[in-house]
Amino acid sequence: PGIAFVYVIDFQTSAIKSRIEFASDHENENMDYRTITSALSLDGTKGAMTVAETQIRLLSFDRSGVIASGSLFRIEDSQSVSSLCFSADATRLFVSHHRSDIWEFNLNSGKLLHPPILANARSFSIMSSGSGDWMVAASLDHTVKLWDTDRPGSLVTLNGHREEVWSVAVSSDSRWIATGGQNGEIVVWREDAGRTNESFDADSISNKESIVASSGSFFVPSLDGKLREYNLMSRNHSTTPVSGYPVDASPDSGSLTLAAKVSRTGRNTSILLETWKPGSWTKEASRAFNIHANLSYLVPDHRHGFPVV
């Protein structure tokens with residue numbers, strides 16, 4: 001109780017490269033200390049994770065991917081963090097709260113900027129474009145919100161969902177956005193036109209991090225365990241022959257990594273990761289590892305040969 005862990009695991013060898021543990025300094029001993037969400041910067045040098053819902057632990061990584069240091073900052077206790085996202089240059093951290101606002105934390109000054117960049121956004125999930133020029137948020141008010149990172153007032157609101165929007169993903173070329181609703185509906189948008197192009201029912205959105213984008217497709221898990229694919233070239237969606245929870249797609253090769261099996265026994269978590277080539281659906285790699293903790297999130301780091309934090 002009161003202790004959180006971060007593991008850095010090498011995907012190629014299944015070896016734990018480093019581990020850090022820390023305690024929350026929250027005065028409420030009954031607070032739930034579990035990690036709710038986490039994020040990694042595009043260059044793999046910085047990480048962030050929530051602790052006890054209202055605290056954020058910032059991490060830095062050395063050139064080999066080992067955790068070098070960590071610091072803690074706290075936001076208002078009335079705010080519960082739901083999503084974190086770094087800017088492309090890793091100088092800013094965007095923080096969303098599903099009950100209220102989206103804030104910007106300046107990593108150089110170490111200060112949370114006021115006022116919030118989006119008031120009452122009520123967002124479960126936020127994501128940056130590949131260039132970092134704009135951000136997108138999935139909102140509980142049934143809308144999708146886009147804004148320029150340097151001009152917070154440049155807000156565009158997209159309407160198309162019938163219920164709360166829980167998840168969001170951006171294609172590697174930043175031209176397409178996929179958002180998932182509470183009712184299992186996936187809506188695919190073309191960013192430059194800002195209009196709905198296609199929607200389909202994926203049966204279920206298992207949580208707010210469900211959609212993963214590759215170089216030419218969006219992938220979503222379904223209730224039956226199978227992976228659904230929306231192809232951006234053909235504009236068709238289909239059920240793939242593989243099962244599992246999508247972790248990430250390589251921006252270079254387009255290979256897709258799945259958590260094929262996650263099992264927990266007591267405080268131990270066993271994970272089987274598989275890498276597949278979409279289209280031919282040939283398995284490229286399979287790795288299993290165990291950690292002595294209750295796993296919250298897997299965050300990929302492409303800079304170091306695809307280890308997982």
Side-chain angles (χ1 to χ4, degrees), residues 7-16 35-40 83 124-125 127 138 166-172 178-182 184-186 188 200-232 236-265 268-291 293-302 304-309:
Y7 292 83
V8 179
I9 302 169
D10 192 313
F11 179 67
Q12 300 300 326
T13 65
S14 301
I16 296 176
T35 297
I36 305 302
T37 188
S38 56
L40 192 71
S83 185
F124 250 140
S125 183
M127 181 166 284
W166 284 9
S167 55
V168 62
V170 180
S171 63
S172 56
T179 51
Q182 180 186 16
E185 183 182 41
I186 306 297
V188 179
F200 64 94
D201 187 356
D203 300 329
S204 171
I205 299 297
S206 55
N207 72 23
K208 64 181 182 297
E209 306 291 344
S210 291
I211 306 174
V212 164
S214 74
S215 56
S217 298
F218 288 111
F219 297 95
V220 187
S222 293
L223 274 178
D224 60 4
K226 291 292 186 180
L227 196 67
R228 298 287 295 277
E229 176 183 7
Y230 177 86
N231 187 288
L232 295 172
N236 292 322
H237 56 88
S238 60
T239 301
T240 72
V242 301
S243 301
Y245 185 86
V247 176
D248 197 70
S250 168
D252 299 322
S253 66
S255 297
L256 182 70
T257 295
L258 304 171
K261 184 177 181 181
V262 178
S263 58
R264 296 177 177 88
T265 304
N268 292 299
T269 303
S270 299
I271 306 165
L272 174 63
L273 291 180
E274 296 178 347
T275 300
W276 294 82
K277 186 69 174 178
S280 63
W281 293 110
T282 54
K283 188 186 296 186
E284 298 180 335
S286 180
R287 293 287 186 273
F289 56 90
N290 299 279
I291 59 174
N294 291 320
L295 180 72
S296 295
Y297 278 93
L298 291 171
V299 182
D301 174 13
H302 303 289
H304 297 113
F306 214 83
V308 175
V309 179

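Counting begins at 1 with the first residue of the sequence.
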Contacts of [X] that satisfy side chain to side chain contact (heavy atoms under 4.5 Å, CB included) - sequence neighbours left out:
X	result
Lys283	Glu274, Trp276, Ser286
Thr239	Lys226, Arg228
Ser280	Lys277, Thr282

Review point. If you round to the nearest 0.5 Å, how far is OH of Tyr230 from CG of Asn236?
Key: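 Reported value, rounded in 0.5 Å steps: 8.0 Å.
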Check your understanding: Quick one: CZ on Arg287 to CD1 on Ile271, what's the gap to the nearest 0.5 Å?
Key ->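 Separation between the atoms: 14.5 Å.
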Check your understanding: Residues two or more places apart in sequence or in another chain: which of them pass side-chain hydrogen bond (donor to acceptor under 3.5 Å, both in side chains) with Ser270?
Key ->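 Per chain and number, Ser270 pairs via side-chain hydrogen bond (donor to acceptor under 3.5 Å, both in side chains) with Asn290.
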Point to revise | Under the side-chain hydrogen bond (donor to acceptor under 3.5 Å, both in side chains) test, residues paired with Thr240 that sit two or more places apart | key: none
What are the two closest non-hydrogen atoms of [X] and [Y], and how far apart are they?
X	Y	result
Pro246	Phe219	CG-O, 4.3 Å
Leu273	Ala259	CD2-CA, 3.8 Å
Ala169	Ile211	CB-CG2, 3.5 Å
Phe124	Ser83	O-CB, 3.4 Å
Ala178	Ile186	CB-CG2, 4.5 Å
Ala138	Trp166	CB-C, 4.1 Å

Practice item. Flag the pair Leu227 / Leu256 as yes when at least one side-chain heavy-atom distance between them is below 4.5 Å, and no otherwise. Key: yes
Exercise for review: Kindly indicate whether the side chain of Leu232, heavy atoms from C-beta on, has any atom under 4.5 Å from the side chain of Val188.
Suggested key: yes
Check your understanding: Do you see a donor-acceptor pair shorter than 3.5 Å between the side chains of Ser217 and Glu229?
Key -> yes
